[in-house]
Amino acid sequence: MWNWKPFYENEVISAFCDLDQIVDTEADEDGLYASPECFRPLPSRFGVFVSIVIKDKDSIARYLEERKKRSLPMTGYRSFRYCLCLVEIDAREMISRALPAGDFDSQDRELGGTCIITDITPPILPGVDETWKPIRSKKTHPMIRSLAKMFFPKE
């Protein structure tokens, strides 16, 4: 079950994370990954699901146009509401990356794979992509820095 908590908002997006679904993204010595139900300290590398609601109509139009350009499915996208990503944070290096998961409509039905964090020019979410980058960098989207502050408030 999802338990969305708001953590970032600007004029373009509202972002929510699910603090109940933090996943360990590094295997233990047996090659196993701890589940969200495993009560233990926060791993040094973990992932948290992030829901990104695009509020700006121009950004939504650019996103839908990008999907058309890439010949991606458009069925149901008239009611596009948000995209889901897994943001992975490496606390040892203070780096992060965002892995796309899917797009959803206003009824929480999955529409298809998301391409919101790809090379849309100009980017809808500048500084959010699949490559590892420093969390504290000015080039990193403030949404990522806000997410990191939830886990590391003193930093």
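Only a predicted model underlies this, so the values are computations on that prediction, with no experimental measurement involved.
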Trainee: Would you say the side chain of Val87 lies within less than 4.5 Å of the side chain of Arg97, judging by non-hydrogen atoms?
Mentor: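 No. Closest side-chain heavy atoms not under 4.5 Å.
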Trainee: Considering non-hydrogen atoms only, spot the tightest contact between Gly113 and Asp103 and give its length.
Mentor: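 Closest pair (atom of Gly113, atom of Asp103, distance): O-OD2, 3.6 Å.
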Trainee: Roughly how far, to the nearest 0.5 Å, is the CG atom of Leu86 from the CD atom of Glu88?
Mentor: 6.5 Å
Trainee: Which pair of non-hydrogen atoms, one from Ala15 and one from Met143, has the smallest distance, and what is that distance?
Mentor: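 Taking every non-hydrogen atom into account, CB-SD, 3.7 Å.
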Trainee: For Thr114 and Cys83, which heavy atoms make the closest approach, and how far apart are they?
Mentor: OG1-CB, 3.5 Å
Trainee: Indicate yes or no for a side-chain donor-acceptor contact from Ser106 to the backbone of Arg81 under 3.5 Å, with no hydrogens or angles considered.
Mentor: no
Trainee: For the pair Thr75 and Leu111, evaluate side chain to side chain contact (heavy atoms under 4.5 Å, CB included) and give the outcome as yes or no after the intermediate values.
Mentor: CA-CA 7 Å; Thr75 304; Leu111 300 171; over 6 Å; no
Trainee: Sorted by first residue and then second, give each salt bridge (Lys or Arg N to Asp or Glu O under 4.0 Å) pair with at least one member in residues 105-118; sequence neighbours left out.
Mentor: Asp105-Arg109
Trainee: Going by the rule side-chain hydrogen bond (donor to acceptor under 3.5 Å, both in side chains), which residues pair with Ser71 if we only count those two or more places apart in sequence or in a different chain?
Mentor: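 Result, side-chain hydrogen bond (donor to acceptor under 3.5 Å, both in side chains) vs Ser71: none returned.
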Trainee: Applying side-chain hydrogen bond (donor to acceptor under 3.5 Å, both in side chains), name anything that partners Ser96, two or more places apart in sequence or on another chain.
Mentor: none
Trainee: Nearest 0.5 angstrom please: Ser14 OG to Phe7 CZ, how far?
Mentor: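 It comes to 10.5 Å.
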Trainee: Quick one: which residue pairs count as a ring-ring contact (aromatic ring centres under 6.0 Å, His included) with a foot in residues 82-120, not counting sequence neighbours?
Mentor: Tyr82-Phe104
Trainee: So, the side chain of Arg136 versus the backbone of Met94: is there a donor-acceptor pair under 3.5 Å, distance only?
Mentor: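 Checked: no pair found.
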Trainee: Is it the case that atom CZ in Arg62 sees more than 12 heavy atoms from other parts of the structure closer than 6.0 Å?
Mentor: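 Yes, enclosed.
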Trainee: Tell me, do Ile117 and Glu130 make a side-chain contact under 4.5 Å, heavy atoms counted?
Mentor: yes
Trainee: Would you say Arg145's side chain and Ser137's backbone share a donor-acceptor pair under 3.5 angstrom?
Mentor: yes
Trainee: So, do Leu19 and Asn3 sit near enough that their side-chain heavy atoms are less than 4.5 Å apart?
Mentor: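 SC-SC contact between Leu19 and Asn3 ruled out.
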Trainee: Testing the basics here: between Pro100 and Cys85, what is the closest heavy-atom pair and its distance to 0.1 Å?
Mentor: CA-SG, 4.3 Å
Trainee: Taking Arg45's backbone N and O only, do any of them form a donor-acceptor pair with Arg92's side chain (distance below 3.5 Å, no angle check)?
Mentor: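 Looks like no, no N/O pair under 3.5 Å.
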Trainee: Measure centre to centre between the rings of Tyr63 and Phe80, then say whether the value is under 6.0 Å.
Mentor: yes
Trainee: Rounded to the nearest 0.5 Å, what separates atom SG in Cys115 from atom NZ in Lys69?
Mentor: 10.0 Å
Trainee: With sequence neighbours left out, write down each residue that passes side-chain hydrogen bond (donor to acceptor under 3.5 Å, both in side chains) with Arg70, or none if nothing qualifies.
Mentor: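 Result, side-chain hydrogen bond (donor to acceptor under 3.5 Å, both in side chains) vs Arg70: Glu66, Thr118.
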Trainee: Measuring from atom CE of Met150 to atom CD1 of Ile89, what distance do you get when rounded to the nearest 0.5 angstrom?
Mentor: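 Here the rounded value is 10.0 Å.
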Trainee: Hey, quick one: are Leu64 and Leu72 part of the same hydrophobic cluster, counting side-chain heavy atoms closer than 4.5 Å, chains of contacts allowed?
Mentor: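 No, no single cluster joins them.
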Trainee: Say whether Thr131 and Lys133, considering side chains only, have a donor N or O and an acceptor N or O under 3.5 Å apart.
Mentor: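 On atom types as modelled, these side chains qualify, holding a pair under 3.5 Å.
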Trainee: Heavy-atom distance under 4.5 Å between the side chains of Arg67 and Ile116, does that happen here?
Mentor: no
Trainee: Please table the atom pairs, donor to acceptor, closer than 3.5 Å between any side-chain atom in residues 46-56 and protein atoms at least two apart or in another chain.
Mentor:
residue, atom, partner, partner atom, Å
Lys55, NZ, Glu9, OE2, 2.7
Lys55, NZ, Asn10, O, 2.6
Asp56, OD2, Ser59, N, 2.9
Asp56, OD2, Ser59, OG, 2.7

Trainee: Between atom CG of Leu84 and atom CG of Asp18, what is the distance when rounded to the nearest 0.5 Å?
Mentor: 9.5 Å
Trainee: Yes or no on side chain to side chain contact (heavy atoms under 4.5 Å, CB included) for Ile13 and Tyr8, after CA distance, side-chain angles and deciding distance?
Mentor: CA-CA 8 Å; Ile13 67 166; Tyr8 178 81; 3.9 Å; yes
Trainee: Considering non-hydrogen atoms only, spot the tightest contact between Phe152 and Ala91 and give its length.
Mentor: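 Taking Phe152 first and Ala91 second, the nearest heavy atoms are CZ-CB, 3.5 Å.
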Trainee: Any non-hydrogen side-chain atom of Gln107 less than 4.5 Å from a side-chain atom of Ser79?
Mentor: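 No; the side chains remain at least 4.5 Å from each other.
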Trainee: Please examine the side chains of Trp132 and Asp90, heavy atoms only from C-beta on, and report whether any two atoms are closer than 4.5 Å.
Mentor: yes
